[in-house]
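Worksheet: the structure to be examined is printed underneath.
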Amino acid sequence: MEWVLKNMRPGFGEALVELGEKYQQVVALNADLSGSTTTAMFDSAFPERFFNVGIAEQNMMGISAGLAATGKIVFASTFAMFAAGRAYDQIRQSIAYPKLNVKIVATHAGITVGGDGASHQMHEDLALMRVLPHMTVIAPADYWETRKAVLKVAETPGPCYIRLGRTDTPLIYDDTYDFQIGKASRLRDGEDVTIIAVGLMVAKALEAADVLKRKGISARVVNMSTIKPVDKNMIVEAARETGAIVTAEEHNMIVGMGSAVAEVLADYEPVPQRRVGIPDVFGESGESEELMEAYGLTVENIVENAKMAVSMKR
Amino acid sequence: MEMILVPLERMDYWYDIDPALPELRSTATRARKWILRSICEAGSGHPGGSLSIVEILTSLYFRVMRHDPENPLWEDRDRFVLSKGHGAPGLYAILALSGYFDEEELVTLRKLGSRLQGHPSMNKTPGIDMSTGSLGQGLSIAIGMALGARLDRKDYRVYCLLGDGESQEGQVWEASMAASHFKLDNLCTILDRNQLQIDGPTEKIMSLEPTFSKFKAFGWHVIEVNGHDLKELLRAFHEAETYKGKPTLIIANTIKGKGVSFMEGSLKFHGKAPSREELDQALRELGGEA
């Protein structure tokens, strides 16, 4: 499959500038990573509404909460490790519990951070964020979904976590895509198995569907970009119509998107499910593609698990 | 930049003859009694650190802050963040006495279904501007509110009450750095310097001194007062309001458990409710009207 690659992070930075023009209440905070998170664009456009707190993520979350309490629509951005990890308690106590209007946009999530190694490879953020009451959790698949999701969450009050990656990713959507919070999108029809993917694994899932087709297996592909609230209807429908599920995510296999899908299946429509994700280990340095290979985030692994899921059907 | 707009000598004179002082003192006593009754009724809570902040809260809610109990979400109100959230019984008592809700509701503290949670919850209790409880987070929030006021070109002020023990949290110092960096002169923080934390004296557990010069070095205008002297507190709040270009920190030297002989300076009553007998004795000691 020939992909057009584009980094998803500028989708955030550009949408943020658009929001800044539209809404006087939009403010942005950063912790010394304004270039990498692309919030520097907002700083250039609206310097009086941009606050760089230095390397102090806990303080950034608290200041964000205070600004939100005065009616601001707050975007706080840093790397996923330092948002969901370092400042977890601040997010829980000062943002989620009081249900304040803070949008945390966390970049550089997952193993594809690459050379920085395990200290910077955040594989736990979807888990940490989705167990927080009041929190909406979104992991866009490409540039366009990032852009649309950022615009959408600004118009939806309440705490939100958006997870972005570091690398250039295949374009799945175009400008006509209508992103809705809590609505998964069915990208490919199929009858034998459904691959539910998130983030950069969506493109791998589409490639896996092509491989499976050649092997005579018809695979449906769903992008579950909102991890919370998860799209129950889409999952139950897929389970009923295809009878087997594979999930694929660049996240620890424990408590991520795959677990969210498993919870829905257990409650409403138990069918065989196989999970593709990062095993319960810390990462290491390497090139992004090498790491994806080494940790099982591959088209081949999705294909193998899809075949297994199909064979497990009663 | 560092100038004081109103001559404080004249204000000192005013505070000496302030006719409202006896009433403020009586309000403080009533708040103390409600703190003790509500914690006794709850069976758990933090009397020591609630009693130490009574005069600070009394001066803020009855003299200093612009607020309206009839309209708790008034956009132009001054904001208050109780960073040391375990002082909630003190804040609840003051809010009830201010008219945010009935005094009788105070005895529902910590009970299932009550609006009065063990630690402040802004979405449950009228008059609470921010949920707190996990220590060290309030000052960052107050900074956000002060920045919000500045962006909206509003003249409301933000007050944050910080515990001394909680100042061992690193986030307090991240926030202290940011408050002066952003030159937030609409922010006033009060440090409840009662000298004790759960495990013992702050200076024995993890010393905070010299607090005055630490905050000064972090870029704050620092004032030190007797935290139980209403005149000194009112004077300090006035000085904070007129001081431009820097946030102000008021170090309020207080006594944990203030007002009750067997609780004053006592570690035991940091986080333990008084028994019925202890409550009766405490109420007798406090005297005054019911």
Side-chain angles (χ1 to χ4, degrees), chain A residues 20 23-32 42 46-76 78 82 86-104 132-134 157-159, chain B residues 73-81 83 85 117 119-125 128-154 156-160 162 169-184 186-187:
Chain A
Y23 302 110
Q24 193 60 35
Q25 312 96 287
V26 168
V27 300
L29 288 92
N30 207 274
D32 199 37
F42 188 89
F46 311 102
E48 74 289 352
R49 284 190 268 155
F50 180 82
F51 303 100
N52 197 332
V53 301
I55 306 165
E57 296 80 10
Q58 304 166 70
N59 191 35
M60 176 172 73
M61 295 305 173
I63 295 178
S64 299
L67 278 159
T70 69
K72 302 292 169 212
I73 302 168
V74 186
F75 281 84
T78 180
F82 313 128
R86 178 112 192 181
Y88 177 77
D89 188 50
Q90 284 71 19
I91 294 173
R92 182 186 189 277
Q93 307 284 351
S94 297
I95 295 172
Y97 176 42
K99 210 174 179 177
L100 288 166
N101 199 13
V102 178
K103 319 302 182 190
I104 300 154
L132 288 175
H134 300 158
Chain B
L73 298 177
W74 178 31
E75 279 188 10
D76 293 329
R77 73 191 186 281
D78 288 343
R79 266 65 166 181
F80 178 75
V81 179
S83 190
Q117 295 295 294
H119 293 82
S121 173
M122 66 185 284
N123 293 325
K124 288 193 190 274
T125 316
I128 299 286
D129 289 325
M130 182 64 202
S131 306
T132 50
S134 182
L135 293 175
Q137 302 195 19
L139 188 51
S140 303
I141 287 146
I143 289 170
M145 291 173 169
L147 288 170
R150 180 186 287 175
L151 283 173
D152 291 337
R153 293 182 170 66
K154 287 188 178 282
Y156 65 77
R157 293 178 57 74
V158 183
Y159 294 91
C160 176
L162 199 59
E169 294 278 8
Q171 190 184 347
V172 169
W173 300 96
E174 294 182 5
S176 294
M177 215 184 297
S180 64
H181 178 83
F182 293 129
K183 301 186 170 54
L184 295 174
N186 56 350
L187 170 66

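Chain A is the first sequence line, chain B the second, and so forth, proteins listed ahead of strands; every chain is numbered from 1.
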Practice task
Please check if the side chain of A:Asn59 supplies one atom and the backbone of B:Gln171 the other of a donor-acceptor pair under 3.5 Å.
Solution key: no
Practice task
Sorted by first residue and then second, give each salt bridge (charged side-chain N to carboxylate O under 4.0 Å, His left out) pair with at least one member in residues 141-152 of chain B; sequence neighbours left out.
Solution key: A:Lys72-B:Asp152
Completion exercise
ring-ring contact (aromatic ring centres under 6.0 Å, His included) filter on A:Tyr97, not counting sequence neighbours, yields none
Exercise for the section: Examine whether an atom of B:Ala142 lies under 4.5 Å from a heavy atom of chain A, and if so say whether it belongs to the side chain, the backbone or both; otherwise answer neither. Expected result: neither
Practice task
Find the one option among B:Met130, B:Arg79, B:Glu75 whose heavy-atom pairs under 4.5 Å with chain A are most numerous.
Solution key: B:Met130
Problem - B:His181, NE2 atom: more than 12 neighbouring heavy atoms under 6.0 Å - result: no
Fill in the blank from the handout: Residues A:Pro98 and B:Asn123: closest non-hydrogen pair is O-ND2, 2.9 Å
Fill in the blank from the handout: Counting heavy-atom pairs under 4.5 Å with chain B, the top scorer among A:Gln58, A:Glu48, A:Arg49 is A:Gln58
Handout entry: Exercise: do B:Gln137 and A:Gln93 side chains pair donor with acceptor under 3.5 Å
Key = no
Handout entry: Gap between atom OH of B:Tyr156 and atom OG1 of A:Thr70 - 0.5 Å precision
Key = 4.5 Å
Exercise for the section: Count the heavy-atom pairs under 4.5 Å between each of A:Leu29, A:Asp89, A:Val53 and chain B, then report the option with the highest count. Expected result: A:Asp89
Practice task
Heavy atoms only: give me the nearest B:Ile141-A:Ala65 pair and the separation to one decimal.
Solution key: CG1-CB, 4.1 Å
Problem - Portion of A:Leu100 that has a non-hydrogen atom of chain B nearer than 4.5 angstrom - result: side chain
Handout entry: Residue A:Val74 versus chain B: region with a heavy atom under 4.5 Å
Key = neither
Exercise for the section: Could you tell me the separation between the CD atom of A:Gln90 and the OG atom of B:Ser140, rounded to the nearest 0.5 Å? Expected result: 7.5 Å
Completion exercise
Separation between CD1 (B:Ile143) and CZ (A:Phe51), nearest 0.5 Å, reads 11.5 Å
